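To start, the structure itself, in structure tokens.
Each chain gets a letter, A, B and so on, in the order the sequences are listed, and its residues count up from 1. All of these numbers come straight from a predicted model, not from anything done at the bench.
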Amino acid sequence: MIKGSSDAQNPSKVPFYLYKFLFARTHPKPNSYTIAFVLKACSIASAFEEGRQVHSHALISGLLFSSPFVQTALLNFYGKCGEIGFAQQVFNEMSERNLVSWSTMVSGYVRNGLVNEAFCLFGEMQKLDIVPDEVTMVSLVSACAMSGALDIGGWVHAYVSKLGIRADIELGTALVNMYAKCGSIEKAKEVFDAMPVKDTKAWSSMIVGLAIHGLAGEALKAFSKMQETKVRPNHVTFLGVLSACAHGGLVSEGQKHWSAMLECGIEPSMELYGCMVNLFCRANLIEEAHKFTENMPIIPNPIIWRTLLMGCKRSKTLMGKAETFVERLLELEPLNDGNYILVCNLYASQSRWEKVKEVRKKMKERNIDVIMPGKSSIEIDGFVYEFVMGDWSHPEARAIREAVREMCEKVAAAGHKPDISSVLHDMVEEEKEKALLEHSERLAIALGLIKIKAPAVIRVVKNLRVCEDCHEVTKLVSRLYEREIIVRDRVRFHRFVNGACSCLDYW
DNA sequence: TTAGGGTTAG
């Protein structure tokens with residue numbers, strides 16, 4: 001009954017209530033099967049409190065330590081509920097670990113965004129000669145997709161072939177997704193074409209991949225082929241189709257697919273509404289987009305308002321409307337620093353400096369600080385390089401900026417209008433950066449910190465620029481030194497400083 | 001009758 005009432009499509013707490021009903025009786029007693037089933041049901045429903053109670057029963061009844069099934073189910077439950085610390089604890093306390101328990105821990109890390117931890121654990125598995133299977137590899141491929149690590153992803157793919165691991169439909173889909181997300185759409189297509197069986201998720205993965213690469217025509221062609229092969233599309237498939245239409249400027253095509261989607265009986269989600277709003281906005285049809293938003297049966301979320309605002313910025317019209325969108329957005333999310341930046345940039349792009357001032361004042365009144373700058377990253381030869389606005393610490397920073405500027409010029413020559421203001425702004429800022437670097441180097445030398453290399457000092461300065469206080473910089477650098485943190489690894493240090501930056505009070 | 005995996009708007 002407990003297993004039968006658990007349904008991944010319709011998560012509910014019914015299995016837990018049945019378990020509770022059973023537990024209230026003296027007979028029969030739950031066994032390891034019962035606990036494993038109910039824990040799985042709790043992980044599907046993300047029923048954290050309920051699962052914890054089951055954990056406690058498993059412990060008291062002695063079923064936890066006697067059954068690897070119960071232990072792994074519990075480990076999986078914590079991982080799926082986002083409680084990776086508890087999952088780790090269960091894993092550490094396991095007396096005997098098998099391939100399934102290792103794979104569960106790896107997948108828990110990946111699910112919670114801990115890509116490095118997942119790869120470290122995989123390394124430990126290899127040291128212990130535990131041979132991974134297709135399930136383990138799916139998690140690792142997903143980890144690469146999340147972090148944009150194409151080189152490592154390619155290595156994982158090669159490793160799968162080398163070990164002779166069967167690339168089933170899940171692994172195939174994960175590979176298609178990984179290659180597409182990491183920028184290699186050709187390789188994604190190659191893997192997809194080689195898949196003997198393709199289901200809804202596999203097709204969706206390919207369509208979304210083509211859409212994010214701006215290949216609207218190919219995405220729509222893939223969608224027709226999917227329909228020819230009688231594979232039923234779901235809401236994710238339509239996310240791909242509609243975002244392809246949005247990026248390709250295919251408004252009527254998108255509207256046609258929206259109607260077809262409703263006919264399929266797919267309930268439009270917030271994401272799908274968002275795709276349609278974006279479809280109109282990218283075609284400069286802000287009025288239509290707004291009308292569409294007003295007719296939504298659900299309350300639009302901040303993403304929808306931001307999409308509309310970006311539409312206004314792009315079309316450089318309807319600033320009166322933009323003000324309404326700003327109001328809605330700041331009502332919904334008054335504490336999100338990114339919203340204020342977006343609004344400031346919008347007004348600045350229209351040279352409406354009075355409005356910019358007003359927003360900045362509002363930020364001050366509401367104590368909004370911009371703590372984490374947006375960043376981009378790229379992996380080359382297994383090394384992840386991260387970039388933030390105004391970051392000149394990369395040894396080839398100038399060449400990189402020049403290349404971006406050249407690309408923008410080529411795009412402009414092709415008849416498009418790229419926004420290169422940030423690149424130009426960055427290049428002007430280089431001079432200031434140099435001055436800052438010299439200053440921070442002097443500080444470092446004065447403090448006897450020659451062990452900390454210049455790029456590290458720049459980052460410290462950069463992250464403290466928010467408060468524009470050299471005294472703070474000095475304090476931070478000396479505390480780094482006191483703690484004997486000597487920088488060898490750029491990426492690790494970058495993360496470290498970002499962390500430090502977001503908790504200045506701690507420092 | 002028990003444990004691990006794939007696609008998701010701006």
Other residues, nucleotides, ligands: >12 heavy atoms within 6.0 Å of E96(A) CD: no
F86(A) six-ring face occupied by R52(A) cation (under 6.0 Å, within 45°): yes
Under 4.0 Å protein heavy-atom contact, by nucleotide of nucleotides 4-10 of chain B - B base, S sugar-phosphate only: BBBBBBB
F21(A) CZ: over 12 foreign heavy atoms closer than 6.0 Å: no
Side chains of residues 231-252 of chain A: which donor-acceptor partners sit under 3.5 Å, not counting sequence neighbours?
from	atom 1	to	atom 2	distance (Å)
N234(A)	OD1	V236(A)	N	3.0
N234(A)	OD1	T237(A)	N	3.1
N234(A)	OD1	T237(A)	OG1	3.0
T237(A)	OG1	S204(A)	OG	2.9
T237(A)	OG1	N234(A)	N	2.9
T237(A)	OG1	N234(A)	O	3.3
S243(A)	OG	L239(A)	O	3.4

Parallel, tilted or perpendicular: rings of W258(A) and Y273(A) (30°, 60°): tilted
Whole angstrom value for the distance that separates C1' of dA3(B) from CD1 of I2(A): 16 Å
